[in-house]
Structures are given as C-alpha cells and as structure tokens.
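Numbering of residues begins at 1 and proceeds along the displayed sequence. All of these numbers come straight from a predicted model, not from anything done at the bench.
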Amino acid sequence: MVTDEILATLEKAPVLLKDLIDAIPREMLKQHRIKGKWCIHEHACHIVNAQPLQTGRLKRFINEDAPVFEKYIPGTTTPPDELMNMDLEKSLAAFPRLRSEFVELYRSLTPVEWHKRAEHPQYTDYNPCIMARHSMLHDQTHMYRIEEL
C-alpha cells in the first residue's frame, strides 16, 4: 500500500477544494443542475462534514480492540437539508485544520495499527489502510462531481 502517497494526497485536499470552489461563480454554488443530485455547495460541504466522522473512526481504531462502525449516508442517516444549511465559507476555512489533525493521527500509527481490523457494514474488510484510501477517493470523487457541475 502506498500510504505516504495517500497521506500526501489527503493533505493537499483542502487547498485543492478551496481553489476549485473559488473558481466557480457564486450563483452556481447552490444550483441543483441535475434533478435529484447534489449541488456544488452540498458536495463541498460533505467533504468537510465527513472529516470529523473519519477522524473519530481513526481514533476508535487506535483506542478499541475491534471497533464496529455504522453506515454514514448523508440525507439518510443525517437530516436531509444538513448540507444545504451549512456555511460553505466556514467549512472551507475549517477544513485545513480538520484534515491536518486526521493526517497527523495517521502518521502516528504503528505498522500494526495500519492493518487493525474493524467491522463496517459496507465492507468485507476494513482497516485504517483501507479507510485512508477510501478517504482519498472520496475527496476526489466529490471534487470531480463539483468539476462536472
């Protein structure tokens, strides 16, 4: 697993997201251009909003023998309007600190902790290594959706 490269990519996400959002006309941010799909604002806020959950899961990997995680599905396991009601600017301003904490926590893991197993209803195998990759791909997927919109 290329953990150093994944962590470097995770570390860059706040700057990449802010740059992407700054390039978009403000009037487009909350436009639902595809019926039933998230707008740019929701995608961006979701990236940031998911960070404390991810950090919490990583802390559980460190502190628990065999953590059991629940699904997180925005709009289903959270209020449907949660993302639209978030302050995008405050979210983007908080993201570097939130992500830095996450990456530094990853850097503190021992080689054994990187492969510590947990239960997750959406995965057959789940550990910090898989979660790091998932977090990186999650960022990139939502940033790609923003770019598409």
Side-chain angles (χ1 to χ4, degrees), residues 1-62 67 69-109 111 113-116 118 120-149:
M1 187 84 198
V2 290
T3 53
D4 289 338
E5 289 81 357
I6 289 172
L7 293 181
T9 303
L10 286 169
E11 219 165 24
K12 294 173 187 172
V15 171
L16 296 172
L17 179 60
K18 176 103 172 68
D19 186 62
L20 182 59
I21 295 300
D22 286 348
I24 298 169
R26 294 290 157 242
E27 65 273 7
M28 290 182 68
L29 294 176
K30 288 192 172 185
Q31 287 180 2
H32 284 93
R33 298 181 59 199
I34 302 172
K35 187 177 179 167
K37 299 292 182 181
W38 284 355
C39 65
I40 292 166
H41 175 94
E42 288 166 306
H43 281 286
C45 286
H46 171 65
I47 292 170
V48 179
N49 199 41
Q51 188 57 69
L53 174 99
Q54 294 167 324
T55 301
R57 285 182 177 177
L58 187 54
K59 288 177 180 178
R60 288 187 61 201
F61 269 116
I62 293 167
F69 300 122
E70 295 182 15
K71 289 181 185 178
Y72 165 67
I73 304 169
T76 302
T77 57
T78 63
D81 57 353
E82 177 182 42
L83 298 173
M84 281 299 280
N85 291 332
M86 290 179 67
D87 183 314
L88 179 58
E89 293 306 317
K90 285 183 182 177
S91 295
L92 292 173
F95 193 30
R97 177 187 51 78
L98 294 170
R99 181 52 62 87
S100 178
E101 177 189 2
F102 185 59
V103 171
E104 289 309 310
L105 199 55
Y106 260 110
R107 289 201 168 110
S108 75
L109 295 180
E113 288 173 323
W114 270 95
H115 299 283
K116 190 175 183 180
H120 191 298
Q122 295 172 294
Y123 295 88
T124 55
D125 190 24
Y126 199 64
N127 60 43
C129 196
I130 291 168
M131 190 174 85
R133 183 180 61 220
H134 173 86
S135 297
M136 177 193 70
L137 295 172
H138 176 265
D139 288 348
Q140 293 173 349
T141 297
H142 286 283
M143 283 192 248
Y144 179 75
R145 294 288 180 241
I146 290 168
E147 181 75 22
E148 277 186 316
L149 291 170

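Rounding to the nearest 0.5 Å gives a distance of 11.0 Å between CD of Gln31 and CD1 of Ile24. With rounding to the nearest 0.5 Å, the separation of NE2 in His43 from CD in Glu147 is 12.5 Å.
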Pair Tyr106, Glu11 - check side chain to side chain contact (heavy atoms under 4.5 Å, CB included), show working. CA-CA 11 Å; Tyr106 260 110; Glu11 219 165 24; over 6 Å; no
Under the side chain to side chain contact (heavy atoms under 4.5 Å, CB included) rule, what do Cys45 and Leu88 come out as? Steps first, then yes or no, please. CA-CA 6 Å; Cys45 286; Leu88 179 58; 3.9 Å; yes
Apply side chain to side chain contact (heavy atoms under 4.5 Å, CB included) to residues Met136 and Thr141 and explain how you reach the verdict. CA-CA 9 Å; Met136 177 193 70; Thr141 297; over 6 Å; no
Applying salt bridge (Lys or Arg N to Asp or Glu O under 4.0 Å) to Glu113 and Lys116, what does each step give before you reach the verdict? CA-CA 5 Å; Glu113 288 173 323; Lys116 190 175 183 180; 5.8 Å; no
Any chance you could lay out the side chain to side chain contact (heavy atoms under 4.5 Å, CB included) test for Arg99 and Gln54, step after step, and finish with the verdict? CA-CA 10 Å; Arg99 181 52 62 87; Gln54 294 167 324; 4.1 Å; yes
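Nearest heavy atoms, Trp114 versus Thr3: CZ3-CG2, 3.5 Å. Contact detail for Leu10 and Val103: the closest heavy-atom pair is CB-CG2, 4.0 Å. Leu58 and Pro128 get closest at one heavy-atom pair: CD1-CB, 4.1 Å. For Cys129 against Asn127, the heavy-atom pair with the smallest separation is N-OD1, 2.9 Å. For the residue pair Ala50 and Tyr72, the shortest heavy atom distance occurs at CB-CE2, 4.2 Å. Annotation for Phe102 and Ser135: closest pair CZ-OG, 3.7 Å, computed over non-hydrogen atoms.
At a threshold of 4.0 Å, the pair Glu148-Arg145 counts as salt-bridged, since one of the basic side-chain nitrogens sits closer than that to a carboxylate oxygen. Looking at Lys59 and Glu101, a side-chain N of the basic residue comes within less than 4.0 Å of a carboxylate O on the acidic one, giving a salt bridge.
For the pair Asn49 and Ser91, the minimum side-chain heavy-atom distance is 4.5 Å or more. Taking 4.5 Å as the limit, every side-chain heavy atom of Leu17 sits out of range of all side-chain heavy atoms of Asp139. No side-chain heavy atom of Phe95 sits under 4.5 Å from any side-chain heavy atom of Lys18. Residues Arg26 and Ile21 are in side-chain contact: their nearest non-hydrogen atoms beyond the backbone lie under 4.5 Å apart.
When only modelled atom types and interatomic distance are considered, His32 and Glu42 share a side-chain donor-acceptor pair under 3.5 Å. A donor and an acceptor atom, one from each side chain of Thr55 and Gln51, are located under 3.5 Å apart.
Looking at Glu70, Lys71, Arg57 one by one, the single match for side-chain hydrogen bond (donor to acceptor under 3.5 Å, both in side chains) with His120 turns out to be Arg57.
More than 12 heavy-atom neighbours from other residues, nucleotides or ligands sit within 6.0 angstrom of NZ on Lys30. Atom CD of Gln140 has more than 12 neighbouring heavy atoms from other residues, nucleotides or ligands inside a 6.0 Å radius. Within 6.0 Å of OH in Tyr144 there are 12 or fewer heavy atoms belonging to other residues, nucleotides or ligands.
In this view, Lys12 satisfies the side-chain hydrogen bond (donor to acceptor under 3.5 Å, both in side chains) rule with no residue, not counting sequence neighbours.
In terms of modelled atom types and a separation under 3.5 Å, the side chain of Arg133 and the main chain of Ile6 share no donor-acceptor contact.
Phe69 and Tyr126 have perpendicular rings, their planes meeting at more than 60° on a 0 to 90° scale where under 30° would count as parallel.
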